[in-house]
K.L.:
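What follows is a structure written as structure tokens; I'll ask about it next.
For reference, positions follow the sequence shown, starting with 1.
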Amino acid sequence: MTSNRGQDRTAELIADLADQLEVALLAQLPGLEKQDARMVSRHVSLYMAQHWGGQNLYFPKNYFGRLSARDKEIWEKFNGKNHVELAAEYDLTVQHIYRIVKEAAEYHQAKNQADLFS
């Protein structure tokens with residue numbers, strides 16, 4: 001008797017991808033009907049399985065990609081000691097600037113560490 005355990009895990013991954021896509025579609029497109037979101041998510045998950053099936057994939061956390069254009073601009077202007085000036089320029093609290101800088105720094109640290117092993 002052959003084991004389908006690996007296939008079951010793959011099918012579980014594809015099913016979870018479809019579920020996550022459905023949730024994301026419904027959250028981003030409030031007028032979308034649930035059955036339409038389900039149909040699209042199933043189609044996309046099967047499409048991805050067909051085109052990426054058999055590959056080992058790594059999904060990065062995408063810190064910098066999650067930063068808005070404003071936050072990227074703040075990071076580029078940040079010099080290590082201008083939190084107050086940036087807060088005034090962008091009409092944000094100093095605490096908010098600290099958070100933006102921290103998120104951008106985490107991205108750059110993760111990117112640089114990955115580069116060491118590439």
K.L.:
Give me each pair satisfying ring pair (Phe, Tyr, Trp, His ring centres under 6.0 Å) with a member in residues 21-49, each pair once, sequence neighbours excluded.
P.N.:
Tyr47-His51
K.L.:
Between Asn79 and Asn82 (side chain of the first, backbone of the second, donor and acceptor by atom type, cut-off under 3.5 Å), is there such a pair?
P.N.:
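Yes, the answer is positive, given that a donor and an acceptor are paired below the 3.5 Å cut-off.
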K.L.:
Enumerate the salt bridge (charged side-chain N to carboxylate O under 4.0 Å, His left out) contacts for residues 86-99, please, sequence neighbours excluded, ordered by first and then second residue.
P.N.:
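Output for this query lists Lys77-Glu89.
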K.L.:
Apply side chain to side chain contact (heavy atoms under 4.5 Å, CB included) to residues Ile74 and Leu92 and explain how you reach the verdict.
P.N.:
CA-CA 11 Å; Ile74 289 170; Leu92 298 169; 3.9 Å; yes
K.L.:
Which other residues end up in the same hydrophobic cluster as Val23, if Ile, Leu, Val, Met, Phe, Trp and Tyr are linked when side-chain heavy atoms come under 4.5 Å apart?
P.N.:
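Joined to Val23, directly or through intermediates: none.
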K.L.:
Would you check, one step at a time, whether the test side chain to side chain contact (heavy atoms under 4.5 Å, CB included) holds for Met48 with Val44?
P.N.:
CA-CA 6 Å; Met48 299 201 43; Val44 170; 4.1 Å; yes
K.L.:
Is the count of non-hydrogen atoms from other residues, nucleotides or ligands lying under 6.0 Å from Gln95 atom CD greater than 12?
P.N.:
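Not buried by this count: 12 neighbours or fewer within 6.0 Å.
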K.L.:
Can you tell me how far apart OG (Ser45) and CD (Gln20) are? Round to the nearest 0.5 Å.
P.N.:
11.5 Å
K.L.:
Are any of the side-chain heavy atoms of Val94 and Tyr98 separated by less than 4.5 Å?
P.N.:
yes
K.L.:
Determine whether Leu17 and Trp52 fall in the same hydrophobic cluster, where Ile, Leu, Val, Met, Phe, Trp and Tyr are linked whenever their side-chain heavy atoms lie under 4.5 Å apart.
P.N.:
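The answer is yes; both residues are in one hydrophobic cluster.
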K.L.:
Taking the side chain as C-beta and beyond, is there a heavy-atom pair between Ile100 and Leu86 under 4.5 Å?
P.N.:
no
K.L.:
Would you list the pairs meeting salt bridge (charged side-chain N to carboxylate O under 4.0 Å, His left out) in which at least one residue belongs to residues 32-49, sequence neighbours left out?
P.N.:
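Applying salt bridge (charged side-chain N to carboxylate O under 4.0 Å, His left out) to every pair that reaches into residues 32-49, excluding sequence neighbours, yields Asp19-Arg42, Glu22-Lys34, Glu22-Arg38.
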K.L.:
Starting from Leu26 and following side-chain heavy-atom contacts under 4.5 Å between hydrophobic residues (I, L, V, M, F, W, Y), which residues can be reached?
P.N.:
none
K.L.:
Which residues pass the ring-ring contact (aromatic ring centres under 6.0 Å, His included) test with Tyr90, sequence neighbours left out?
P.N.:
none
K.L.:
Might you point out which heavy atoms bring Ile14 and Ala49 nearest each other, and give the distance in Å?
P.N.:
CD1-CB, 3.6 Å
K.L.:
To the nearest 0.5 Å, tell me how far Leu46 CG sits from Gln50 CD.
P.N.:
8.5 Å
